Amino acid sequence: MTDCVFCGIVAGEIPSVKVAETASTYAFMDINPANDGHLLVIPKQHSTDLLDIGADDLTATTLEAQRIARAMVDNAGADGVNLLNCCKAPAWQTVFHFHLHVIPRYADRSVDRLSLPWQPGVAGDRTVMTEYAETLATALR
């Protein structure tokens with residue numbers, strides 16, 4: 001895809017700070033990190049988003065993200081990891097090439113800049129949950 005920045009990175013036309021590369025994936029540092037160490041893992045083959053990516057590329061990308069997350073915790077000082085995918089613009093996707101954010105998390109809040117965008121522990125409307133679950137269960141049959 002000629003106008004995709006991530007395809008340009010894979011092709012070596014756009015510079016990146018590479019972390020790891022496999023036959024089907026490429027991992028590089030995010031230029032707008034949420035925390036120090038934040039990186040992206042992408043399939044080399046272009047897919048627009050989570051709804052577009054093939055099963056093999058999704059599996060390879062997810063397994064590489066897991067491998068990198070382990071290294072963050074075991075070797076790079078992270079206390080935890082967030083794995084994030086944004087699918088479509090309303091869900092914060094800004095580059096339309098499937099990617100997983102691998103974000104190291106730190107117990108020391110003075111170096112960890114992230115906070116939750118919702119409030120855990122605040123119960124949802126049970127009727128709305130039930131209706132949504134029924135709609136999805138029907139669609140998945």
Side-chain angles (χ1 to χ4, degrees), residues 1-140:
M1 180 154 248
T2 58
D3 60 343
C4 174
V5 66
F6 288 175
C7 287
I9 288 171
V10 169
E13 299 162 357
I14 296 172
S16 68
V17 179
K18 181 169 91 170
V19 174
E21 184 173 7
T22 70
S24 59
T25 66
Y26 190 85
F28 57 99
M29 301 308 294
D30 192 309
I31 62 170
N32 298 302
N35 268 343
D36 293 340
H38 178 174
L39 60 89
L40 304 174
V41 182
I42 65 172
K44 289 181 176 178
Q45 175 71 35
H46 183 85
S47 297
T48 302
D49 57 33
L50 179 63
L51 306 180
D52 182 47
I53 190 169
D56 289 343
D57 278 343
L58 179 60
T59 300
T61 305
T62 303
L63 289 174
E64 185 64 0
Q66 180 188 44
R67 186 175 81 91
I68 292 168
R70 279 192 184 112
M72 285 177 168
V73 171
D74 293 345
N75 304 104
D79 299 304
V81 176
N82 281 118
L83 186 63
L84 174 68
N85 170 256
C86 303
C87 179
K88 308 267 183 223
W92 308 330
Q93 185 177 6
T94 58
V95 177
F96 295 90
H97 181 125
F98 178 82
H99 55 287
L100 293 174
H101 295 261
V102 185
I103 307 168
R105 300 304 306 273
Y106 307 99
D108 181 349
R109 298 304 296 159
S110 69
V111 297
D112 192 300
R113 300 185 297 271
L114 283 178
S115 61
L116 280 173
W118 72 90
Q119 225 176 359
V122 176
D125 182 310
R126 187 75 169 182
T127 301
V128 172
M129 285 188 266
T130 301
E131 290 171 0
Y132 205 91
E134 289 171 358
T135 297
L136 288 175
T138 299
L140 294 169

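The structure displayed is predicted, hence computed values, not measured ones.
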For a 4.5 angstrom cut-off between non-hydrogen side-chain atoms, does [X] reach [Y]?
X: T62; Y: Q66; value: no
X: D108; Y: D79; value: no
X: D57; Y: S24; value: yes
X: H97; Y: P43; value: yes
X: K88; Y: L51; value: yes
X: L40; Y: H101; value: yes

Atom pair [atom1]/[atom2] of [X] and [Y] - distance to nearest 0.5 Å:
X: I42; Y: S16; atom1: CD1; atom2: OG; answer: 8.0 Å
X: R105; Y: H38; atom1: CZ; atom2: NE2; answer: 11.0 Å
X: D36; Y: I103; atom1: CG; atom2: CD1; answer: 12.0 Å
X: L84; Y: H99; atom1: CG; atom2: NE2; answer: 8.0 Å
X: T61; Y: K44; atom1: OG1; atom2: NZ; answer: 11.0 Å
X: T22; Y: R67; atom1: OG1; atom2: CZ; answer: 8.0 Å

Between [X] (side chain) and [Y] (backbone), is there a donor-acceptor pair under 3.5 Å?
X: Y26; Y: F6; result: no
X: Q93; Y: V95; result: yes
X: R70; Y: A65; result: no

What is the minimum heavy-atom distance between [X] and [Y], and which atoms define it?
X: L114; Y: R109; answer: O-NH2, 2.5 Å
X: C86; Y: W92; answer: CB-C, 3.8 Å
X: M29; Y: V19; answer: SD-CG2, 3.4 Å
X: F98; Y: L58; answer: CZ-CD1, 3.7 Å
X: G54; Y: S47; answer: N-OG, 4.3 Å
X: A20; Y: E64; answer: CB-OE2, 3.4 Å

Tell me whether D56 at atom CG has more than 12 heavy atoms from other residues, nucleotides or ligands lying less than 6.0 Å away. no

Crowded around I31 CD1? As in, over 12 foreign heavy atoms under 6.0 Å? no

Using side chain to side chain contact (heavy atoms under 4.5 Å, CB included) as the criterion, point out the one residue from V111, D30, D112 that pairs with N35. D112

How far apart are the C-alpha atoms of V41 and V102, what are their side-chain angles, what is the distance that settles it, and do they pass the side-chain contact (heavy atoms from CB on, under 4.5 Å) test? CA-CA 7 Å; V41 182; V102 185; 3.9 Å; yes

